[in-house]
Amino acid sequence: MADTQYILPNDIGVSALDCREAFHLLSPTERIYAHYLSRAAWYGGLAVLLQTSPEAPYIYALLSRLFRAQDPDQLRQHALAEGLTEEEYQAFLVYAAGVYSNMGNYKSFGDTKFVPNLSKEKLERLILGSVAAQQHPEEVGGLWQTCGERMFSLEPQLRHLGLGKEGVTTYFSGDCTLDDAKLAQDFLDSQNLSAYNTRLFKELGQDGKPRYEVRLASVLGTDPALDSDVTSKLKSYEFQGSCFQVTRGDYSPLLHKVVEHLEKAKAYAANSHQEQMLAQYVDSFTQGSIEAHKRGSHFWIQDKGPIVESYIGFIESYRDPFGSRGEFEGFVAMVNKAMSAKFERLVASAEQLLKELPWPPAFEKDKFLTPDFTSLDVLTFAGSGIPAGINIPNYDDLRQTEGFKNLSLGNVLAVAYATQREKLTFLGEDDKDLYVRWKGPSFDVQVGLHELLGHGSGKLFVQDEKGAFNFDRETLINPETGEQIQSWYRSGETWDSKFSTIASSYEECRAESVGLYLCLNPLVLEIFGFEGADAENVIYVNWLNMVRAGLLALEFYTPEASNWRQAHMQARFVILRVLLEAGEGLVTITHTTGSDGRPDARVSLDRGKIRSVGKPALQCFLRRLQVLKSTGDVAGGRALYEGYAAVTDTPPECFLTLRDTVLLRKESRKLIVQPNTRLEGSEVQLLEYEASAAGLIRSFSERFPEDGPELEQVLTQLATADARFWKGPREVPAGQA
């Protein structure tokens, strides 16, 4: 069997999202609006399969065919008859649930491949003897032939997502390198094109020189269309001695479904902001226009306090190895009024709290644009994973001038981050009791501060296309150097494009640090209802959770490539390093031996030194992070951040040795089962499923009742059309051409 790093265990935690109460409080019109938005999100979410690995669409199609013909209980009887044990069949169900949950065969949190925890021979027997194979032998056999080898392969380059020799990615063709990614980014910047909705494909021309295709995601391809901001860009370019061709039409059939359901949702919108927002999203997905998506996001920001909240598009760039391309995601959620009231109080205090942050006022936005901050119960979250909180949109120009929204996903927090004492690792017994009691409340505080005042703070110094600056070059002094500002963002440059591979992690680190720093403020704790000893426990467990998370983060470091595979976890390791460097016994990590005789470790935090030692260390670090970000100082930012992110075996911590211990005792991230909605006449029904691997599979089997086979064919055709760009799969499955 495979190394435990690359399998999902049979006893993996599975939780179901509970949104029943919030959904039933919606009016009939709001339910229909939520239903159509959910349908749009689920259709678009299938694009993630094409953004992950060459084989992911085929695996999805194969699993969907199996479970449409036989539900998990029926297939179990066949599996046992074929000689699989109960454990082996459960391993298959867990694998299938993992593929559905991550929208591919790589973990959304960590970008590590996972493979079935049973032999290839037994899985083949199960698949080829199934009812699906009996009904459609050529198609099922062809799918298995196409993806079976790659499904199980743990060749070094296939173990993680990455660029070039570092891993596999379908944001870039297989022969692209980091240099190609940098060249493409420079080209995109020169044409004022966003990378968010693009993929990059490289081929050698007849002259032996590389030719690059920048392909935009859109319904339209080469069809003649009304003029838009995209149409004039669709042509060939010579750039720095290379040929670039801008095309569009990526994921076209899927985005057609997205647009169809956004149009239907528009008829049930609550106000003109929602109508205009959806109209712009339709234009964005039809034309391939990020500018249209920005316009839609403008109306989304203006839509304050909606009962049904949603967002959809190519949003987060965590999984692009270069850090610029957005993964498709879409969510629909309903407001949780009780927790939202606390967040509203936090928003009301935001301008006061921003003054507490450790950088000069000139490094803060000229005006704090009061955002929405609501706690939501998620109905639908389509993509590769579900976060605990969101601060969007990610467009720097909108965030600086129009603002953003903060969203805390309450029912996700309730299930995904619940803690069982017996599964707690690397803490002392007394700390375990406090941790179990206060982890939830402290996490509410941290998420609130992280999203609102972490991601919502700080100014970027920009020179626009006319040469005008949004800061005073003559008088503004860099507090780190004592000199005038020497660098800034030029027109067309963004945070993501400039800081590229470290942008996501650096920003998460800044936001996490703001949360730790401001949770020491009594006003913050009072807003959340904590005073006295309770407030001190919230602070202690919040800081303790961060240093423990920094230790757990080592799971997501790859020593062979000396790189990190998960932005949030790299950020937490950096904070751990900062607090360890503060010294004076604030944080200690001890290598121990567990009761099972195997290596163990313990992390501890001196709660009496959080304010006297921890706060000043964090203050200094935060100021440096912000100054380097504001000024666009990439060299300085990389030197600082990559210095703290380095993992060595230097005593006393011996982090590489600790990594082995963390891997030995790691617990897999929970899988989340989401409901479906179904429109019956004029009524929308909420369909819920049990919290198990089988329940998660059933939720996907019932997600596309009208067009499941059509979608599977679309996915395999799209994958096959581009298969030449990777080393395989190359063959067209029978019946899929």
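Throughout, numbering of the chain's residues begins at 1 and tracks the sequence.
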### Query
Do the side-chain N and O atoms of Asp180 and Thr177 include a donor-acceptor pair separated by under 3.5 angstrom?
yes
### Task
Examine distances only and state if a side-chain atom of Asn102 and a backbone atom of Ser108 form a donor-acceptor pair shorter than 3.5 Å.
yes
#### Entry: Salt bridge Arg345-Glu526, side-chain N to carboxylate O under 4.0 Å
yes
### Query
Hey, is the main chain of Val627 close enough, under 3.5 Å, to the side chain of Trp359 for a donor-acceptor pair?
no
### Query
Ignoring hydrogens and geometry, is there a side-chain-to-backbone donor-acceptor pair from Asn391 to Glu451 under 3.5 Å?
yes
### Query
Salt-bridged, Asp444 to Lys342, with N to O below 4.0 Å?
no
## Note on the structure
Nearest heavy-atom approach of Leu255 to Ser218 is CD1-N, 3.4 Å
### Task
Flag this pair as yes if the NZ/CZ of Arg215 is under 6.0 angstrom from the six-membered ring centre of Phe201 and inside a 45 degree cone about the axis; otherwise no.
yes
### Query
Should the ring pair Tyr641 and Tyr506 be called parallel, tilted or perpendicular, given that the plane angle runs from 0 to 90° and is split at 30 and 60?
tilted
### Message
Quick one about Glu512 and Gln446 (side-chain donor to acceptor, distance below 3.5 Å, no hydrogens or angles considered), yes or no?
### Response
yes
### Query
Tyr196 versus Ser324: any side-chain heavy-atom pair under 4.5 Å?
no
#### Entry: Student check: side-chain heavy atoms of Tyr517 and Gln619 closer than 4.5 Å
yes
### Task
Without swapping roles, check the side chain of Ser630 against the backbone of Lys459 for a donor-acceptor pair under 3.5 Å.
yes
### Task
Output, in order, the C-alpha distance, side-chain angles, deciding distance and verdict of side chain to side chain contact (heavy atoms under 4.5 Å, CB included) for Arg638 and Ile502.
CA-CA 8 Å; Arg638 282 194 176 277; Ile502 66 165; 3.3 Å; yes
### Task
Count the heavy atoms belonging to other residues, nucleotides or ligands that lie under 6.0 Å from NZ of Lys615, then report whether that count exceeds 12.
no
### Query
With no hydrogens and no angle check, do the side chains of Gln185 and Ser500 hold a donor and an acceptor under 3.5 Å apart?
no
### Message
Could you tell me if the side chain of Arg325 sits less than 4.5 Å from the side chain of Thr198, heavy atoms only?
### Response
yes
### Query
Donor-acceptor pair, His273 side chain versus Ile301 backbone, under 3.5 Å?
no
### Message
Under the criterion side chain to side chain contact (heavy atoms under 4.5 Å, CB included), I'd like the reasoning laid out for Asn197 against Asp250: C-alpha separation, chi angles, the key distance, then a yes or no.
### Response
CA-CA 9 Å; Asn197 65 340; Asp250 218 359; over 6 Å; no
### Query
Can you find a side-chain donor-acceptor pair between Ser297 and Tyr311 that sits under 3.5 Å?
yes
### Task
For the pair Trp495 and Asn394, evaluate side chain to side chain contact (heavy atoms under 4.5 Å, CB included) and give the outcome as yes or no after the intermediate values.
CA-CA 10 Å; Trp495 164 249; Asn394 287 331; over 6 Å; no
### Message
Would you say Ser457 and Arg510 are linked by a side-chain donor-acceptor pair, where the criterion is simply a distance under 3.5 Å?
### Response
yes
### His455 and Glu507: side chain donor to acceptor below 3.5 Å
yes
### Query
Under 30°, 30 to 60°, or over 60°: which ring-plane class applies to Phe331 and Phe381, parallel, tilted or perpendicular?
parallel
### Message
Could you tell me if the side chain of Leu50 sits less than 4.5 Å from the side chain of Thr170, heavy atoms only?
### Response
no
### Query
Would a distance-only check, ignoring hydrogens and angles, find a side-chain to backbone donor-acceptor pair under 3.5 Å from Asn336 to Ser375?
no
### Query
Do Gln287 and Arg248 have side-chain N/O donor and acceptor atoms under 3.5 Å apart?
yes
### Query
Does the cation-pi check pass for Arg669 over Phe109, that is, NZ or CZ under 6.0 Å from the six-membered ring centre and within 45° of its axis?
yes
### Check: Asp303 main-chain N/O paired with Lys405 side-chain donor or acceptor under 3.5 Å
yes
### Message
Between Glu493 (side chain only) and Arg490 (backbone N and O only), is there a donor and an acceptor less than 3.5 Å apart?
### Response
yes
### Query
Is a side-chain donor or acceptor of Ser289 paired with a backbone partner of Ser284 at a separation under 3.5 angstrom?
no
#### Entry: Reference residue Val462; test side-chain contact (heavy atoms from CB on, under 4.5 Å); the match among Phe469, Phe471, Tyr489
Tyr489
### Message
I'd like to know if Arg565 and Asp111 make a salt bridge, using a cut-off of under 4.0 Å between side-chain N and carboxylate O.
### Response
no
### Query
With no hydrogens and no angle check, is any side-chain donor or acceptor of Thr169 less than 3.5 Å from a backbone partner on Leu163?
no
### Query
Phe655 vs Phe573 aromatic rings, parallel, tilted or perpendicular, using cut-offs 30° and 60°?
perpendicular
### Message
Between Glu327 and Ser384, do the side chains contain a donor N or O and an acceptor N or O under 3.5 Å apart?
### Response
yes
### Task
Look at the aromatic rings of Phe285 and Tyr281 and report parallel, tilted or perpendicular, splitting at 30° and 60°.
tilted
